[in-house]
There are 2 protein chains.
Amino acid sequence: MDDRKKTILKAIVDDYVRTCEPVGSKSLVERYNLNYSSATIRNEMAELEEMGFLVKPHTSAGRMPSDKGYRAYVDNLLSLPEIPPEEEIAVRHFLTENLREAREMIERTAEYLAEKTNYLSVVLSPQYSDTSLEQIKIMMIEPGRAIVVLVLSPGVVHDRLIRIPSLIDEKDLNEIGQAIERCLAGKRLNDITLVTISSAAEETELPEALVNQVLYEAYVAIKQTERIEVYIDGKYRLLKHPEFRDVDRASRFYDTMRQEQMVAGYMRELEQEEEINAAEGLDTLEKIESAPGALATRKDRPAYMVRIGQEIALNGMEDMSFITTTYRIGRRISGQIGVIGPKRMEYGNIISQISFVNKALSDVAEDHYTLGGDRQTLED
Amino acid sequence: MDDRKKTILKAIVDDYVRTCEPVGSKSLVERYNLNYSSATIRNEMAELEEMGFLVKPHTSAGRMPSDKGYRAYVDNLLSLPEIPPEEEIAVRHFLTENLREAREMIERTAEYLAEKTNYLSVVLSPQYSDTSLEQIKIMMIEPGRAIVVLVLSPGVVHDRLIRIPSLIDEKDLNEIGQAIERCLAGKRLNDITLVTISSAAEETELPEALVNQVLYEAYVAIKQTERIEVYIDGKYRLLKHPEFRDVDRASRFYDTMRQEQMVAGYMRELEQEEEINAAEGLDTLEKIESAPGALATRKDRPAYMVRIGQEIALNGMEDMSFITTTYRIGRRISGQIGVIGPKRMEYGNIISQISFVNKALSDVAEDHYTLGGDRQTLED
DNA sequence: AATTAGCACTCGAAGTGCTCGAGTGCCAGA
DNA sequence: TCTGGCACTCGAGCACTTCGAGTGCTAATT
């Protein structure tokens, strides 16, 4: 594909993204003052169509990008706008203002991204399986009920109510809690199983039946912290885009989005591919006139991955695009960030935004986790 | 208004609700085999229109109910279907299966209601201001951070991470926690203020500055438990109803629904009116042939309130109806349940459902709270 | 006095046929 | 290799028609 074809393809995608209407040769020449006549463009467009990058809704209409067209655009033609540096201060403030719990930071990331992109955002809570358990405390609430508080090594706190045998009193419970802590503290969550936890039973002299129930409940509580939470924001925003005029299609999409765990699973699956794809991307990148700086800035950005239309293995997403990226906090903790919008999406802008937010979240979270409780300044 | 008019009005509303199309005299006679000719019905319809119960979209079209028409229907003409008794077992099971925390019960109530009605459901968490604080524990997580666990008198547990001065060690913290508990245990949340809580400072000999910060954080944590949480489910379901074909209107509606706290505030405001309205309702109720048993069963049901179209004081809700009811757990605790759907709503069915769910939630929650941890059977 | 049959009238939905304009492909000539 | 020109295509938009389900009114019937 020669440079002129690229320029034309880029112009067509840009125009179609803007107007949501098939673009014709003449108006293309006018709007992007290309130095050729419309007839030339027509010939090029016919070739691009033959190559599979463009489609026509009917014989005498203009062209619109095919999935393959979008793919080429995203892989090679994109220009990524810079985010102004003052925005960095703003987003950090937004993510940490009055922050109490780690989950709020994730929630706010989703909110910020939906707001900035005007599409739907999905953020997954970090996967903690690779981190270790620091503390575990079990506290009596009333006979038969207790609360388990877990502290993970990056300073993350989880808790959960449990049922315990009514016969256990506060002293016994403390003892069991300490036994568990001695036995598990420092272990990776991944390595904690029903077997490892039951060795705590040997440290106490309480009747085994009583202890076992508590151990089991504690185990469930620990495993619970490995569950991935899904934060979705901006669902309703998609309604404002013209491709959602078709209510049936919209309904099908929302039916899928409701199954949050499925969406989350899909995002995690993509993580590996993402790495590979990003590396390839850097090799085959080509700088073209209309996208100055694309290559230069891209190297600084976190890797991202774009899935277009049919490439998305989820129902009802045939007309959508899904951009994902992985945030990292330290070496061990990572989670996913995504934006879902119509295929006709401002790819450059969204990719800039998602990369930017990724970086902000990773940085802020790292500060927060490593500095722990001493960062009083973050509080207001 | 005579009986014939009532029958006709009811038939029109029923038909319109079913088809979403203006109903004409002839088809009305056919479908509801009324014993009059279409001409007679026409005359009656003209009068009903004059009285303000019906409107015509244009001269030669059929009639559809006005807000006032719906109002009359809801106040006097409704027949409330019975919910089969086996459903009661099902809902109780659904609400309590694998239940760990009170909030899950509320969440599931919203889910159940959205599923059964196919509209949007809103459930507010109970208002605890009138209940008392039972226990408060503060637990050290690391220097500078702690977790506050609060137990309220109905056995509800809340917790919250707080920052504390890094100088405080575990022993000091426990001491402060116990001082607070001595000072506040048994007090109504409503009665706890910064002043009452600061009397706890006198019970310890730690430096006042350190203690005060912890007290303040504990205070915030306590006040936090009074915050009303809003659970909304079935948002996207509304899209499937024909009145949501108009995407702009849908967007306006969703813009309002996003402001959950506002919606919640509105629902609480209605609570008082509801009581009065329900009492009146029972007085003026009239039994008509086509609604046998309406009066009889209605007395057993929890009070409910219906707001139709313009009566709803929220933006973008002009074409919706809002049905609300108040659930009660014991005497002191109450919260709201609501369903929002198009004005053209199956009022009878929805009212039956919401009343049914109300009763189920109230009963189940009461069992749960009063029996506390001993109800192991609820666990699986 | 209440009901009904009959009739003229209304109006939107749906179909038809027309023009217009923004597209196209192709070919001959610069 | 590019471009000007031309014939062709097709949907959007508009005017026009038909059709049917509705209306209101009046006079006849019960």
Side-chain angles (χ1 to χ4, degrees), chain A residues 1-9 11-16 18-66 69 242-243 245-246, chain B residues 1-9 11-66 69 242-243 245-246 344:
Chain A
M1 173 151 43
D2 60 25
D3 274 6
R4 191 169 66 185
K5 280 208 180 56
K6 283 186 190 166
T7 314
I8 293 171
L9 181 56
I12 291 173
V13 176
D14 283 340
D15 203 69
Y16 186 72
R18 205 169 45 80
T19 64
C20 194
E21 257 157 38
V23 4
S25 52
K26 207 172 149 201
S27 54
L28 198 67
V29 174
E30 280 167 20
R31 273 201 280 265
Y32 295 82
N33 47 357
L34 309 170
N35 288 321
Y36 297 97
S37 77
S38 66
T40 310
I41 305 297
R42 269 205 293 287
N43 291 329
E44 292 283 37
M45 282 165 93
E47 280 180 60
L48 281 168
E49 185 179 354
E50 210 170 338
M51 295 161 78
F53 294 110
L54 298 177
V55 288
K56 273 190 300 198
H58 57 87
T59 331
S60 73
R63 259 71 171 210
M64 43 204 264
S66 65
E243 24 277 282
R245 294 274 146 191
D246 178 346
Chain B
M1 177 153 38
D2 59 26
D3 274 5
R4 190 169 67 186
K5 281 208 179 56
K6 283 186 191 168
T7 314
I8 293 171
L9 180 55
I12 291 174
V13 176
D14 283 338
D15 203 69
Y16 186 73
V17 164
R18 204 168 45 80
T19 63
C20 194
E21 262 162 32
V23 2
S25 52
K26 207 172 150 198
S27 54
L28 198 67
V29 173
E30 279 167 20
R31 273 201 280 265
Y32 295 82
N33 47 357
L34 309 170
N35 288 320
Y36 295 98
S37 77
S38 68
T40 309
I41 304 299
R42 270 205 293 287
N43 290 330
E44 291 284 37
M45 282 164 92
E47 280 181 57
L48 281 167
E49 184 179 355
E50 209 170 337
M51 293 161 79
F53 294 110
L54 299 178
V55 288
K56 273 190 300 197
H58 56 89
T59 331
S60 73
R63 259 67 171 215
M64 43 205 264
S66 65
E243 24 277 281
R245 295 274 144 189
D246 178 345
R344 188 186 67 78

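Hydrogens, waters and symmetry mates are skipped; everything else that's a heavy atom, side chains included, is used. Letters A, B, ... are given to chains in the order of the sequence lines, protein chains preceding strands, and every chain is numbered from 1.
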A.B. asks: Between A:Arg4 and D:dC2, does any side-chain N or O lie under 4.0 Å from OP1 or OP2?
C.D. replies: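 For A:Arg4, the contact criterion (side-chain N or O under 4.0 Å from OP1 or OP2 of D:dC2) is met.
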A.B. asks: Using atom CD of B:Glu47 as one end and atom P of C:dA2 as the other, report the distance to the nearest whole Å.
C.D. replies: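 Computing the B:Glu47:CD to C:dA2:P distance gives 10 Å.
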A.B. asks: Rounding to a whole Å, what distance do you find between A:Arg31:CZ and C:dA22:C1'?
C.D. replies: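 Result: 12 Å.
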A.B. asks: Atom CG of A:Asp3 and atom P of D:dT1: how far apart are they, to the nearest Å?
C.D. replies: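 Between P of D:dT1 and CG of A:Asp3: 16 Å.
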A.B. asks: Between A:Tyr16 and A:Glu21, which heavy-atom pair has the shortest distance, and what is it?
C.D. replies: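 Nearest heavy atoms, A:Tyr16 then A:Glu21: CD1-O, 3.2 Å.
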A.B. asks: Quick one: is D:dG4 close enough that its OP1 or OP2 comes under 4.0 Å of any side-chain N or O from A:Arg42?
C.D. replies: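 Checking A:Arg42 against D:dG4: no side-chain N or O falls below 4.0 Å of OP1 or OP2.
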A.B. asks: Scan residues 11-25 of chain B against DNA chain D and write down, sorted by residue number, each residue with any heavy atom closer than 4.0 Å; if none is found, say none.
C.D. replies: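 Close to the strand are B:Gly24, B:Ser25.
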A.B. asks: Is there a side chain to side chain contact (heavy atoms under 4.5 Å, CB included) between A:Leu28 and A:Ser25 once you walk through the steps?
C.D. replies: CA-CA 5 Å; A:Leu28 198 67; A:Ser25 52; 5.7 Å; no
A.B. asks: Over all strands shown, is B:Thr40 touching base, sugar-phosphate only, or nothing at heavy-atom distances under 4.0 angstrom?
C.D. replies: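 Here B:Thr40 touches the bases of the nucleic acid.
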A.B. asks: Pairs of donor and acceptor atoms involving the side chains of residues 43-52 of chain A, under 3.5 Å and at least two apart or interchain, shall be tabulated with distances.
C.D. replies:
unit_1  : atom_1 : unit_2  : atom_2 : d
A:Glu44 : OE1    : A:Lys5  : NZ     : 3.1
A:Glu44 : OE2    : A:Arg4  : NE     : 2.5
A:Glu44 : OE2    : A:Arg4  : NH2    : 2.7
A:Glu47 : OE1    : A:Lys5  : NZ     : 3.2
A:Glu49 : OE1    : A:Arg63 : NE     : 3.0
A:Glu49 : OE1    : A:Arg63 : NH2    : 2.7

A.B. asks: I need the CG-P distance between A:Asn43 and C:dG25, as an integer number of Å.
C.D. replies: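 In whole Å, C:dG25 P lies 8 Å from A:Asn43 CG.
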A.B. asks: Select base, sugar-phosphate, or nothing to describe what B:Ser27 touches, counting heavy atoms under 4.0 Å on all strands.
C.D. replies: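 It contacts sugar-phosphate atoms only.
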A.B. asks: Looking at every non-hydrogen atom in both residues, tell me the closest pair between B:Val55 and B:Ser66 and how far apart they are.
C.D. replies: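 Result for this residue pair: CG1-CB, 4.0 Å.
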A.B. asks: Heavy atoms from C-beta onward define the side chain here; which of D:dG24, C:dG25, D:dG5 lies closest to that of B:Lys56?
C.D. replies: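 When the side chain of B:Lys56 is considered, D:dG24 is the closest of D:dG24, C:dG25, D:dG5.
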A.B. asks: Could I get the full list of side chain to side chain contact (heavy atoms under 4.5 Å, CB included) partners for A:Ser60, not counting sequence neighbours?
C.D. replies: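 Result, side chain to side chain contact (heavy atoms under 4.5 Å, CB included) vs A:Ser60: A:His58.
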A.B. asks: Rounded to whole angstrom units, what separation is found between the CE atom of B:Met45 and the P atom of D:dC25?
C.D. replies: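 My rounded result for the distance is 15 Å.
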A.B. asks: Expressed as a whole number of angstroms, how long is the span from A:His58:NE2 to C:dT24:P?
C.D. replies: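 Distance check: A:His58 NE2 to C:dT24 P gives 10 Å.
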A.B. asks: Could you state the interatomic distance from CD1 (B:Ile12) to CG (B:Leu54), rounded to the nearest 0.5 Å?
C.D. replies: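 Reported to 0.5 Å precision, the distance equals 4.5 Å.
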A.B. asks: For B:Ser60 and for B:Ser37, locate the closest nucleotide of DNA chain C by heavy-atom distance; then report the residue assigned to the nucleotide nearer the 5' terminus.
C.D. replies: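 Per heavy-atom nearest nucleotide, the more 5' residue is B:Ser37.
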A.B. asks: Of the candidate nucleotides C:dT24, D:dG24, D:dT9, which contains the atom at the shortest distance from the side chain of A:Thr59?
C.D. replies: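 Of the options given, the side chain of A:Thr59 lies nearest D:dT9.
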A.B. asks: Could you tell me whether the phosphate oxygens of D:dG4, OP1 or OP2, come under 4.0 Å of any side-chain nitrogen or oxygen in A:Lys26?
C.D. replies: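 Answer no for this pair, as no side-chain N or O of A:Lys26 is under 4.0 Å from OP1 or OP2.
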A.B. asks: Base, sugar-phosphate alone, or nothing: which one does A:Ala61 contact when heavy atoms must sit under 4.0 Å apart?
C.D. replies: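 If one applies the 4.0 Å heavy-atom cut-off, A:Ala61 turns out to touch the sugar-phosphate alone, with no base involved.
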A.B. asks: Whole-Å distance between C:dA2 C1' and B:Leu34 CG?
C.D. replies: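 Those two atoms, CG and C1', are 17 Å apart.
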A.B. asks: Mind listing the closest non-hydrogen atom pair of A:Ile41 and A:Tyr36 along with its distance?
C.D. replies: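 Taking A:Ile41 first and A:Tyr36 second, the nearest heavy atoms are CD1-CB, 4.1 Å.
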A.B. asks: Tell me the interatomic distance from B:Leu54, atom CG, to D:dT23, atom C1', rounded to whole angstroms.
C.D. replies: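 Interatomic distance, CG of B:Leu54 to C1' of D:dT23: 14 Å.
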